[in-house]
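What follows is a set of notes on a single structure, which appears directly below.
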Amino acid sequence: MPTNAEIATILETLAELMELDEVNKFKFIAVQNAARRVAESNFSIESRAADGTLTEIPDIGKSIAAKIEEIVATGKLGELEEYFQKYPPSLVEIERVQGVGPRTARRVWEELGISTMAELEAAARDGSIAGLAGMGKKSAENILKGIRRLEARGNRLLLGEVLPVAEEILDILKQMPEARNVTCAGSARRMKETVKDVDIIATATDPEALTGAFSQLPLVEEVIGSGPTKCSIRTHTGLQIDLRVVPDALYGNLLQHFTGSKEHNVALRELAISKGMKVSEYGVEDTASGMVHECDMEDNVYQLLGLEYIAPELRENNGEIEAAATGSLPRLIEPGDLKGDLHLHSDWSDGHASIMEMALAAKKRGFKYIAVSDHTQSMGMVRGLTPERLEKQLEEIARVNDELDGFRVFASAEVDVRSDGVLDLPDESLARLDFVTVSIHSGFNQDKQQIMERMRVAMENPYVRAIGHPTGRLINRRDPYEVDMEAIIAMAARTGTALEINSHFQRLDLNDRHARAAQAAGAKLVINSDAHRPGHLDLLRYGIATARRGWIEPGTVLNTLSAAGMKNMLAKPKKGRAK
DNA sequence: GCCGTTTTCGGCCCGACTGTTTTCAGTCG
């Protein structure tokens, strides 16, 4: 029973080998598109195969549906196996080296018999790569560099690791007298959960002074390339940052272009063609008259195409262009919409600050309330709360509330649903709390049935208001538990249990796609920091960004309610309360 | 191989850079 990810991987590999085999390029692009569609689907592709409704999914036609059905039935794909007879599977690996594409991969295999990374490296060193027609010493050097880079950081970097560095650089550049506009572009501007490198777009009175200063920053380890208007550097942490200084008149076009995503830009250009226009980084051209409109502001690009301005977080070609054309883009949630945080810890369990300190930090941010949600007893190593200690904590919360003016601390807990499917506090204790979040912190490797049973127990409990980090994934580090997201979302909507977007940049859980599906299904969300110290409240920006990428509107998110609104809601039993 | 507000055929995004060549293919964003 293959997962969407497994099916997508098989299709991606097939597309790579088709490209290598030089089949009609539109054929492998079609397979690539289908692979992406499968990877990003919120529903089970396998069950759609069982229903025979695969072809209702965009980018999946008769032919690819048949391939998916074969993968579901047999776990493999005959066509791919045939390709593996023709080309060694490891050839796909060496294609991932920067500077090596399908053509080069095929040539080194055919002409030099190379199929593995080690062989490629050896050939680059001993001069046999440089000896190939059309290749030279530089090509070999670039391949070696590419291999080293691949080894150094196979994975993309986490947004939360990259963004602070990028912003530090932006601040420095902005303060330079030569700088006019300085903006982050690329996937970091779209707030994607992982990013490969950082693109900065700027305008300046003296471009060379700006790129020069950029290349001299203390965090630069290596200047990869430098010219009068462009400079690429690598930081000591291995992050590549490109600065492009562009003409004022084209700032809008170039910012739009380099913000991407690639898929968004492709779709935008297709739309332009249908309207008799042509979009590139050098302007929007009216094809008939040949007139080129240059845009110094990004929103002009969208305006010229008859579109509403599309927020960077939405630019993934997931329907945003269609929505912008009809004026039906969502009113995206913004930082100011959040009125409180419903999942954070204190020094009663593994937090590093007192309840009062956390409350004051939240108040300083302009919040109206927090819910102190410490771990419960089965989390022994973090001094999880027993029913007795919980009672004591309630007394302290009452004292803090007495002292604070215009701010409310709600009593809460992050209650474990244990491996045996039992909640870690009895209902009598849960009844004492204002807001209960339930999370899974053990038995990560249980099968889908067991995990889903734990989720059912949690959500059907009348006191449980939210599920914390619902999939348990740690980006690049730990896979999600065996959750059936479609079922969880349906259950959340039915029982009136909110699903959390945990804001820690390692989690971002729910992710953007799941959040969007949850909103569409009528489920409620909460966006929480899971802070363990006051400074962690800053993590909320990543949760809000994830929500925005998921098209989330304020009304979907419980903690956009005012303190009074929240109190009101909590005074009532939750919807769909189990009898 | 997919798709349809110029539909069931004939399209399918655009341009720059690199390294190598002397007019261009491959790769990248």
Side-chain angles (χ1 to χ4, degrees), chain A residues 11 14-16 18-20 22-37 54-68 79 94-108 129-143 145-146 149 185-190 195-199 201 224-227 229-230 232 240 242 244 246 250 253-285 287 292 301 305-306 315 317 321-322 325-326:
Chain A
L11 291 176
L14 177 66
E16 280 173 315
M18 286 169 77
E19 187 178 11
L20 199 77
E22 294 182 60
V23 302
N24 177 325
K25 75 167 173 172
F26 296 110
K27 287 193 183 184
F28 75 74
I29 289 173
V31 176
Q32 250 170 22
N33 289 340
R36 176 172 180 260
R37 183 70 66 172
L54 283 171
T55 52
E56 289 170 21
I57 303 168
D59 296 328
I60 297 179
K62 250 175 94 176
S63 164
I64 291 179
K67 296 190 208 303
I68 294 174
E79 199 181 341
I94 73 170
E95 248 194 87
R96 307 223 170 100
V97 177
Q98 222 175 54
V100 178
R103 297 301 172 94
T104 309
R106 184 167 163 178
R107 280 193 66 200
V108 297
I129 295 271
L132 292 175
M135 310 269 283
K137 234 176 133 180
K138 272 279 176 106
S139 312
E141 274 171 30
N142 281 338
I143 287 174
K145 269 195 170 174
R149 198 166 309 137
S187 48
R189 181 165 183 237
R190 303 199 311 279
V195 301
K196 199 166 69 127
D197 48 31
V198 173
D199 297 301
I201 305 292
I224 302 165
S226 178
T229 61
K230 191 188 161 185
S232 292
Q240 181 174 331
D242 299 340
R244 282 166 223 271
V246 307
L250 287 169
N253 299 104
L254 282 148
L255 180 59
Q256 194 286 320
H257 175 76
F258 283 108
T259 296
S261 65
K262 189 171 190 291
E263 290 77 10
H264 174 85
N265 286 351
V266 167
L268 207 64
R269 286 165 185 176
E270 283 170 357
L271 173 80
I273 289 170
S274 76
K275 297 191 169 214
M277 291 188 270
K278 194 172 79 174
V279 173
S280 80
E281 56 265 53
Y282 297 111
V284 180
E285 184 183 335
T287 318
V292 178
V301 177
L305 296 170
R315 299 183 197 170
N317 192 28
I321 293 175
E322 294 80 351
T326 56

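First the proteins, then the strands, lettered A, B, ... as listed; each starts at 1. Atom set for the values below is all heavy atoms of this structure, side chains included, hydrogens, waters and symmetry mates excluded.
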What protein N or O atoms touch nucleotides 14-18 of chain B N or O atoms at under 3.5 angstrom, if any, and at what distances?
{"residue": "B/dG15", "atom": "OP1", "partner": "A/K278", "partner atom": "NZ", "Å": "3.4"}

Next item on the list: Specify the separation, in whole Å, of atom CD1 of A/I57 and atom P of B/dG1.
Entry: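 Answer to the nearest Å: 18 Å.
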Checklist line | Length of the line joining A/M18:CE and B/dC2:C1', which is rounded to integer Å | finding: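 One finds 12 Å between C1' of B/dC2 and CE of A/M18, rounded.
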Check: For B/dT20, does either OP1 or OP2 sit under 4.0 Å from a side-chain N or O belonging to A/S139?
Finding: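 For B/dT20, OP1/OP2 do have a side-chain N/O of A/S139 under 4.0 Å.
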Notebook entry, point to check: Within less than 4.0 Å of OP1 or OP2 of B/dG29, is there a side-chain N or O belonging to A/K196?
Noted result: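 For B/dG29, OP1 or OP2 has a side-chain N or O of A/K196 closer than 4.0 Å.
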Pick the [atom1] atom in [N] and in [M], then give their distance to the nearest Å.
N      : M      : atom1 : answer
B/dT22 : B/dG26 : P     : 15 Å
B/dC14 : B/dT21 : C1'   : 24 Å
B/dC3  : B/dC13 : P     : 14 Å
B/dC12 : B/dC17 : P     : 25 Å
B/dT27 : B/dT20 : P     : 14 Å
B/dT6  : B/dC2  : P     : 23 Å

Could you check whether [X] gets within reach of a base, just the sugar-phosphate, or nothing at all, counting any heavy atom under 4.0 Å?
X      : value
A/I29  : nothing
A/V100 : sugar-phosphate
A/K275 : nothing

By side-chain hydrogen bond (donor to acceptor under 3.5 Å, both in side chains) - contacts of [X] (at least two apart):
X      : answer
A/N33  : none
A/R107 : A/E111
A/E270 : none
A/R190 : A/E316

Checklist line | Residue A/T104, side-chain heavy atoms: nucleotide from B/dT27, B/dG1, B/dC13 that is nearest | finding: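 Comparing B/dT27, B/dG1, B/dC13 against the side chain of A/T104, the answer is B/dT27.
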Check: In terms of side-chain heavy atoms of A/I64, which of B/dG1, B/dT27, B/dC13 is nearest?
Finding: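 The closest nucleotide is B/dG1.
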Next item on the list: Please tell me which of A/E95 and A/E79 maps to the more 5' nucleotide of DNA chain B, matching each residue to the nucleotide holding its nearest heavy atom.
Entry: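 This one resolves to A/E79.
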Item checked: Pair assignment for B/dT8, Watson-Crick or G-U wobble, requiring both distances under 3.5 Å ->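 None - no nucleotide pairs with B/dT8, as no candidate has both distances under 3.5 Å.
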Note to self: Is there a side chain to side chain contact (heavy atoms under 4.5 Å, CB included) between A/R189 and A/R315? Walk through the geometry before answering.
What the structure shows: CA-CA 10 Å; A/R189 181 165 183 237; A/R315 299 183 197 170; 3.7 Å; yes
Margin query: So which atom in A/L255 and which in A/A185 form the shortest heavy-atom distance, rounded to 0.1 Å?
Written below: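 The answer is CD1-CB, 4.1 Å.
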Cut-off 3.5 Å, no hydrogens considered: what does the side-chain donor-acceptor table look like for residues 274-285 of chain A, sequence neighbours left out?
{"residue": "A/S274", "atom": "OG", "partner": "A/L271", "partner atom": "O", "Å": "2.6"}
{"residue": "A/K275", "atom": "NZ", "partner": "A/L305", "partner atom": "O", "Å": "3.2"}
{"residue": "A/S280", "atom": "OG", "partner": "A/Y282", "partner atom": "N", "Å": "3.0"}

